[in-house]
J.: 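Got a structure for you, questions after.
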Amino acid sequence: MEIKLDLHTHTSFSPHAYSTLWENISFAKERGMEAIAMTNHGMSTEDFSCDWHFGNFNHLPRVINDVVVFTGVECSYIDENASLDLQDWRLEKMDIVIASRHGGSFAPDETNFAKVLLNGCKNKYIDILGHIARTSFSLTDEEYDLIAKTAKENGKLVELNENCFGKKVPVFAENSRKLMLACKKHGTPIVVNSDAHFCTHVGSFEKAVALLEEIGFDEELVMNTSLDKFMGYISKKKNIDMLRGE
């Protein structure tokens, strides 16, 4: 299985990351990526710098160094209703909106995270449910099952995040397996992303792909194995202008 789009990357705009957009694009090209998305954090995280970053996306060419560049954001949930930490009018203009659980003023736990995710499935601005598995706790099998089912019904992509592997928190990988088994059961489309915070990690998905192959996950459900496949999927819910900046 080859992943050709990395739809979750961070740049040095977010102080917790270390590479420029150009450096990320260069490594994406070196690794044969057809596209990447730049998805820095929304406004509730400590490393958010300024709103201008999201307002200036129109200055970026659509294709840079032969790599398609999607503009986006990784928002945080800010309440149990799955509200996000960026203005709706900004979200409407994004190519890719990821919603994830982070620390800060609102950090869902085992008592309410499933509720937040189910509400997130109904939030029209969200495209990808980000790193669900990156929690120190585990949801129940029934909760993972319901989340996968509801995500499919509402046209949300579930992310398998490479950063959930190889860390010193084994539960992240265990949660990833449970989540992917639930997605396999319900035929829920997914994306495999690096969540790169340094350029050499862009396009790196080895452990995530190994899990999918181990459990016999249907490659047809992995929406970022080609640009054409992803565009065919995302165009059903939004119109991404492929001529931006030309």
Side-chain angles (χ1 to χ4, degrees), residues 1-14 16-41 47 53 57 60-74 94-100 127-134 157-167 172-173 176-177 179-180 183 189-215 217-234 240 242 244-245:
M1 183 185 302
E2 284 193 280
I3 307 299
K4 290 294 188 178
L5 290 76
D6 195 344
L7 299 175
H8 186 168
T9 69
H10 295 276
T11 72
S12 52
F13 166 78
S14 295
H16 77 307
Y18 299 94
S19 300
T20 64
L21 176 59
W22 180 261
E23 289 168 331
N24 283 356
I25 290 168
S26 297
F27 270 85
K29 181 177 180 179
E30 182 177 315
R31 293 206 165 122
M33 296 291 102
E34 295 181 320
I36 67 169
M38 179 173 57
T39 53
N40 289 311
H41 285 169
D47 74 332
H53 172 75
F57 280 160
L60 289 173
R62 173 60 75 188
V63 180
I64 302 175
N65 201 19
D66 300 322
V67 177
V68 171
V69 178
F70 293 113
T71 61
V73 60
E74 184 188 16
M94 296 289 174
D95 295 333
I96 306 292
V97 175
I98 302 171
S100 302
D127 302 308
I128 300 171
L129 301 174
H131 55 62
I132 294 171
R134 204 184 73 181
L157 294 166
V158 173
E159 179 185 72
L160 178 58
N161 190 302
E162 179 71 14
N163 266 349
C164 287
F165 301 87
K167 292 188 175 241
F172 292 177
S176 296
R177 170 182 285 274
L179 178 63
M180 288 301 103
C183 289
I190 71 164
V191 286
V192 181
N193 290 324
S194 71
D195 195 0
H197 289 67
F198 185 63
C199 57
T200 59
H201 298 153
V202 173
S204 178
F205 321 103
E206 291 81 3
K207 293 175 182 176
V209 169
L211 171 63
L212 295 178
E213 292 176 345
E214 179 188 340
I215 68 173
F217 197 90
D218 185 355
E219 187 172 336
E220 288 302 308
L221 295 174
V222 184
M223 292 298 112
N224 56 335
T225 56
S226 77
L227 180 59
D228 287 344
K229 185 176 182 181
F230 177 72
M231 290 303 298
Y233 180 87
I234 201 70
I240 295 180
M242 292 300 289
R244 185 195 71 229

J.: For a side-chain contact (heavy atoms from CB on, under 4.5 Å) check, start with the C-alpha distance between Asn224 and Asn193, then their side-chain angles and the critical distance, and finish with the verdict.
T.: CA-CA 9 Å; Asn224 56 335; Asn193 290 324; 3.7 Å; yes

J.: Can you tell me how far CE of Met33 sits from CD1 of Ile25, rounded to the nearest 0.5 angstrom?
T.: 13.5 Å

J.: If you round to the nearest 0.5 Å, how far is NZ of Lys207 from CD of Glu162?
T.: 7.0 Å

J.: Regarding His131 and Asn163, do their side chains bring together a donor and an acceptor under 3.5 Å, going by distance alone?
T.: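 Asn163 and His131 do not have a side-chain donor-acceptor pair below 3.5 Å.
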
J.: Could you tell me if the side chain of Leu211 sits less than 4.5 Å from the side chain of Arg177, heavy atoms only?
T.: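 Yes, side chains in contact.
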
J.: Side chains of Tyr18 and Glu23: closer than 4.5 Å at any heavy-atom pair?
T.: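 Not in contact.
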
J.: Considering non-hydrogen atoms only, spot the tightest contact between Val67 and Ala35 and give its length.
T.: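 Closest heavy-atom pair between Val67 and Ala35: CG1-CA, 3.8 Å.
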
J.: Rounded to the nearest 0.5 Å, what separates atom NE2 in His8 from atom CZ in Phe70?
T.: 15.5 Å

J.: Taking the inter-plane angle between the rings of Phe13 and His53 on a 0 to 90° scale, is it parallel (under 30°), tilted (30 to 60°) or perpendicular (over 60°)?
T.: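 Ring orientation, 0 to 90° scale: parallel.
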
J.: Are any non-hydrogen side-chain atoms of Val73 and Thr39 less than 4.5 angstrom apart?
T.: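 SC-SC contact between Val73 and Thr39 ruled out.
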
J.: With heavy-atom distances below 4.5 Å as the criterion, would you say the side chains of Ser194 and Thr9 are in contact?
T.: yes

J.: What is the distance from atom NE2 of His197 to atom OG of Ser14, rounded to the nearest 0.5 Å?
T.: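 Reported value, rounded in 0.5 Å steps: 7.5 Å.
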
J.: Between Arg62 and Asp95, does any NZ, NE, NH1 or NH2 come within less than 4.0 Å of an OD or OE carboxylate oxygen?
T.: yes

J.: Do the non-hydrogen side-chain atoms of Ile3 and Met1 ever get within less than 4.5 Å of each other?
T.: yes

J.: Looking at every heavy atom in both Leu221 and Lys229, which two are closest together, and how far apart are they?
T.: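 Minimum heavy-atom contact is N-NZ, 4.4 Å.
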
J.: Looking at every non-hydrogen atom in both residues, tell me the closest pair between Asn24 and Ser19 and how far apart they are.
T.: OD1-CB, 3.5 Å

J.: Report yes if the side chains of Leu7 and Leu157 come closer than 4.5 Å at any heavy-atom pair, otherwise no.
T.: no

J.: Starting from the C-alpha separation in whole Å, work towards a yes-or-no answer on side-chain contact (heavy atoms from CB on, under 4.5 Å) for Leu60 and Met38.
T.: CA-CA 11 Å; Leu60 289 173; Met38 179 173 57; 3.8 Å; yes

J.: Within the 4.5 Å heavy-atom criterion, are Lys4 and Thr225 side-chain neighbours or not?
T.: no

J.: Measure the shortest side-chain to side-chain distance between Asp195 and Arg134 over non-hydrogen atoms and say whether it is less than 4.5 angstrom.
T.: yes

J.: For the CD atom on Glu213, are there more than 12 heavy atoms of other groups (residues, nucleotides or ligands in this structure) within a distance under 6.0 Å?
T.: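 Enclosed: over 12 neighbouring heavy atoms sit under 6.0 Å from CD of Glu213.
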
J.: Before giving the answer on side-chain contact (heavy atoms from CB on, under 4.5 Å), spell out for Thr20 and Thr11 the whole-Å C-alpha distance, their side-chain angles and the decisive distance to 0.1 Å.
T.: CA-CA 5 Å; Thr20 64; Thr11 72; 6.0 Å; no

J.: Can you tell me how far OG of Ser204 sits from CG of Asp6, rounded to the nearest 0.5 angstrom?
T.: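 If we round to the nearest 0.5 Å, Asp6:CG and Ser204:OG are 9.0 Å apart.
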
J.: Indicate the atoms forming the closest heavy-atom contact of Ser176 with Phe165, along with that distance.
T.: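 Nearest pair, atom of Ser176 first, then Phe165: CB-CZ, 3.8 Å.
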
J.: Once you round to the nearest 0.5 Å, how far does CG of Leu227 lie from CG of Leu5?
T.: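 Separation between the atoms: 5.5 Å.
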
J.: Working note: Trp22 + Asn65, criterion side-chain contact (heavy atoms from CB on, under 4.5 Å); need CA distance, chi angles, decisive distance, verdict.
T.: CA-CA 9 Å; Trp22 180 261; Asn65 201 19; 3.9 Å; yes

